[in-house]
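Just the heavy atoms: all of them, side chains too, but no hydrogens, waters or symmetry mates, feed the values below. In what follows, residues are counted from 1 in the order of the sequence shown.
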Amino acid sequence: VLDDALNLIAEARVGEVGIVMHKLEGQGINPTTICIGATRHFRTLHAAASHPKGPEAGLSASRPPVFGPRRDRMGRQARALGMHKLENMLTILTDTDLSLRSSRPIPARALLERAFIRIAMLART
C-alpha cells in the first residue's frame, strides 16, 4: 500500500492522497516510517532523473536495482518530474521528517498529508 501511495503522489493524483493516507493509518503504519519510505522513493527517482544515460539506466544502477513493471513506472515518473522538481520534493520531505522527529507535539498524520499534497501539486506543474 505504501508503494501505491507513493506512486499516486509522484503521478500528481492529489484527490486520492487523503484516501491513501487513511488506508495507511488503518494499517497502523507510523508517519515517520511513511516519510522515510517516501524519501527513499523520491531519492531513487532523483538519481534516475539525473543519470547521464537516462532514467532506466539510473534505476538499473540504483541499489537495490529496480526491475519489471515497477522500473517502467518509476522511469515514467522520473522523466515526467525531472531532476529540479525532485530536488524540491526531497526538500519538502526532509523538512517534514525533521518536524516529525522533533520533540514538539504536532499532528503527525496531518503534517505528512499536507506535505504529500504539496508534493503532488508540485508534480502537477
Tell me which donor-acceptor pairs under 3.5 Å the side chains of residues 27-38 have, and how far apart each pair is, sequence neighbours excluded?
unit_1	atom_1	unit_2	atom_2	d
Asn30	OD1	Thr32	N	3.2

Is the shortest side-chain heavy-atom distance between Ile9 and Phe42 below 4.5 Å? yes
Looking only at side-chain N and O atoms, does Arg114 offer a donor or acceptor that is under 3.5 Å from a partner on Thr96? no
With Arg13, which of Leu8, Ile19, Val20 fulfils side chain to side chain contact (heavy atoms under 4.5 Å, CB included)? Leu8
So which heavy atom on Ala78 is nearest to which on Ala49, and how close? O-CB, 3.8 Å
Arg104 side, atom CZ; Ser99 side, atom OG - distance, nearest 0.5 Å: 5.0 Å
How many angstroms lie between atom CG of Leu6 and atom CZ of Arg40, to the nearest 0.5 angstrom? 10.0 Å
Spatial distance of atom CZ (Phe116) from atom CG (Leu24) [nearest 0.5 Å]: 8.0 Å
CE on Met21 to CZ on Arg109, rounded to 0.5 Å: 6.0 Å
Are any of the side-chain heavy atoms of Leu59 and Phe67 separated by less than 4.5 Å? no
Step by step, would you call Ser62 with His51 a side chain to side chain contact (heavy atoms under 4.5 Å, CB included)? CA-CA 10 Å; Ser62 67; His51 198 277; over 6 Å; no
Reported CZ-to-CG distance for the pair Arg101 and Asp97, which is rounded to 0.5 angstrom: 4.0 Å
Looking only at heavy atoms, which two atoms of Ala12 and Ala120 are closest? And how far apart? CB-O, 3.5 Å
How about Met74 and Pro55: do any of their side-chain heavy atoms sit closer than 4.5 Å? no
How many angstroms lie between atom CG of Leu45 and atom CE of Met83, to the nearest 0.5 angstrom? 13.5 Å
Flag yes if more than 12 heavy atoms outside Arg43 fall under 6.0 Å of its CZ atom; otherwise flag no. no
Provide the full list of side chain to side chain donor-acceptor pair (under 3.5 Å) pairs with a residue in residues 76-85, sequence neighbours left out, each pair given once. Asn7-Gln77, Glu11-Gln77, His41-Gln77, Glu56-Arg79
